[in-house]
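Please read these numbers as outputs of a predicted model, since none were measured by experiment. Atom set for the values below is all heavy atoms of this structure, side chains included, hydrogens, waters and symmetry mates excluded.
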Amino acid sequence: FTIISDGHYYSEGCHVMAYYIAVGGGSVYKVTTAGALTTLSLPTGITIDSTRPARMAILDEKVVIVNAPNRSIWIDRIGTIRPLGLTAPASPVVVSNTGAGTLSGTFKARYTFRVYDTETLELLLESPMSPLSNADTLASERLLATGVGISPDNLTGLVRGLYRTVTGGSAIVFPWAELSGNTATAYSDDISDAALSLVPAPDELGNPPGSQVGTYMTLIAEWKGFLWGVGSEDPDTLRRSASGLIYAWPAAGTFDIEPVRFDQYGITGLISRRDEFGICKRNIIWKMVGSNPDDFELVK
């Protein structure tokens, strides 16, 4: 068994009940301090390899489990298991004009898959962006996006998030609309640029290491409010999540740990300390210092 402790708040009061998460025999369990065992349901298609030890980390009351699952997972306070990242959209939408409206100019669009908590409406997961669409020029018309993809991760609370450019069709997109569920493939409206969010699409979206078919994350740790992980496909590379987010792993948060391709093992351990983060290889130990992405630095 691999065991990690956590805690949750009962909704009817402020009492905190400690419990454990355990992985063993191909299953994930929630264990009370009295020893009561509850088997947690794994999402469709996710299995536990009992020959690989589970490795875990906690970020913002979410327990992340890697290495043993064929796809990295996380567990919320009530014991629901979800994948750590969503499959990215493979194809772009097609934008065109449709009917009379108020939009004029050239526009492009993108979309993501999102999962919300159906009770609190908290955003739990968001996939990487789709490829950028074609450009289409409107003259007092409505903007139509067709070919919005269907997510293979058909989870409760799943929607598709649409993003579009402002007039001019640059590559910068802003939150536009949401398609509820996982069936509709088209959306249109003529809301103005001024009606879009003032904040552009997040630039830190990206799936965690070990998300490719046939790969998995081998190591995971939390440090300074970030998750740090290593994927089986690139054992010499350390990657971090966005601050406080388990599902967003930006390309900018990538660190090659020397010596690269020296052996088959790559990074063999991660050590979280208060002000330093140890990164172990078989013949060297590096440490990460700093407090945020602007000043993170590797020291031999």
Measure the spacing between [atom1] of [X] and [atom2] of [Y] and express it to the nearest 0.5 Å.
| X | Y | atom1 | atom2 | result |
| --- | --- | --- | --- | --- |
| I246 | S241 | CD1 | OG | 9.0 Å |
| L37 | S27 | CG | OG | 9.0 Å |
| D190 | L138 | CG | CG | 9.5 Å |
| T215 | M217 | OG1 | CE | 9.5 Å |
| T218 | I267 | OG1 | CD1 | 8.0 Å |
| N134 | S96 | CG | OG | 8.0 Å |

Apply side chain to side chain contact (heavy atoms under 4.5 Å, CB included) to residues R282 and D263 and explain how you reach the verdict. CA-CA 9 Å; R282 285 166 64 91; D263 58 31; 3.7 Å; yes

So that I can tick it off, tell me whether [Y] and [X] are bridged by a salt bridge, with the cut-off set at under 4.0 angstrom between side-chain N and carboxylate O.
| X | Y | result |
| --- | --- | --- |
| D275 | K224 | yes |
| D234 | R239 | no |
| D153 | R71 | yes |
| E126 | R160 | no |

Could you tell me whether the side chain of [X] and the main chain of [Y] form a donor-acceptor pair under 3.5 Å?
| X | Y | result |
| --- | --- | --- |
| W286 | E258 | yes |
| K281 | I257 | yes |
| N182 | P152 | no |
| S130 | T112 | no |
| S232 | Y216 | yes |
| S72 | V66 | no |
| D60 | K62 | no |
| S188 | L144 | no |
| Y111 | G149 | yes |
| T137 | G105 | no |

Please give me the minimum heavy-atom distance between [X] and [Y], naming the atom from each residue.
| X | Y | value |
| --- | --- | --- |
| G24 | Y29 | O-CE1, 3.4 Å |
| Y116 | L121 | CD2-O, 3.3 Å |
| S133 | A109 | OG-N, 2.8 Å |
| S192 | L103 | CA-CD2, 4.3 Å |
| A88 | S127 | CA-CB, 4.2 Å |
| N67 | P53 | ND2-O, 2.7 Å |

Could you tell me whether the side chain of [Y] reaches within less than 4.5 Å of the side chain of [X], counting heavy atoms only?
| X | Y | value |
| --- | --- | --- |
| F255 | T237 | no |
| C280 | I271 | yes |
| Y265 | D236 | no |
| L42 | V28 | yes |
| W74 | L124 | yes |
| R164 | K108 | no |
| E141 | T98 | no |
| L270 | I220 | no |

Scan the side chains in residues 202-210 for donor-acceptor partners under 3.5 Å anywhere in the protein, sequence neighbours excluded, and list what turns up.
residue, atom, partner, partner atom, Å
N207, ND2, L86, O, 2.9

Begin with the C-alpha distance, continue with both residues' side-chain angles, and end with the deciding distance and a verdict on side chain to side chain contact (heavy atoms under 4.5 Å, CB included) for I75 and I21. CA-CA 9 Å; I75 307 172; I21 294 296; 3.7 Å; yes

Establish whether [X] and [Y] are linked, either directly or via other cluster members, by ILVMFWY side-chain heavy-atom contacts under 4.5 Å.
| X | Y | value |
| --- | --- | --- |
| L155 | V63 | no |
| L59 | W228 | no |
| F113 | L245 | yes |
| V115 | I65 | no |
| L162 | V94 | no |

Please find out if less than 6.0 Å separates the ring center of F296 from that of F226.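 So the answer is yes for these two rings.
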
Criterion side chain to side chain contact (heavy atoms under 4.5 Å, CB included) on M129 and Y163, from CA distance to verdict: CA-CA 9 Å; M129 287 276 181; Y163 297 84; 3.5 Å; yes

Applying side chain to side chain donor-acceptor pair (under 3.5 Å) to D136 and N97, what does each step give before you reach the verdict? CA-CA 7 Å; D136 192 68; N97 51 75; 3.2 Å; yes

Considering only distance and modelled atom types, tabulate donor-acceptor pairs under 3.5 Å from the side chains of residues 166-177, sequence neighbours left out.
residue, atom, partner, partner atom, Å
T167, OG1, D193, OD2, 2.8
S170, OG, I172, N, 3.3
W176, NE1, D189, OD1, 3.0
W176, NE1, D189, OD2, 3.1

Between V93, I150, T146, which is the residue that forms a side chain to side chain contact (heavy atoms under 4.5 Å, CB included) with T185?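 Result for side chain to side chain contact (heavy atoms under 4.5 Å, CB included) with T185: I150.
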
Intermediate values then yes/no, side chain to side chain contact (heavy atoms under 4.5 Å, CB included), V64 and R55: CA-CA 8 Å; V64 179; R55 295 183 171 120; over 6 Å; no

Are there over 12 heavy-atom neighbours, none belonging to I285, within less than 6.0 Å of that residue's CD1?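 For I285, atom CD1 is not crowded (no more than 12 foreign heavy atoms under 6.0 Å).
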
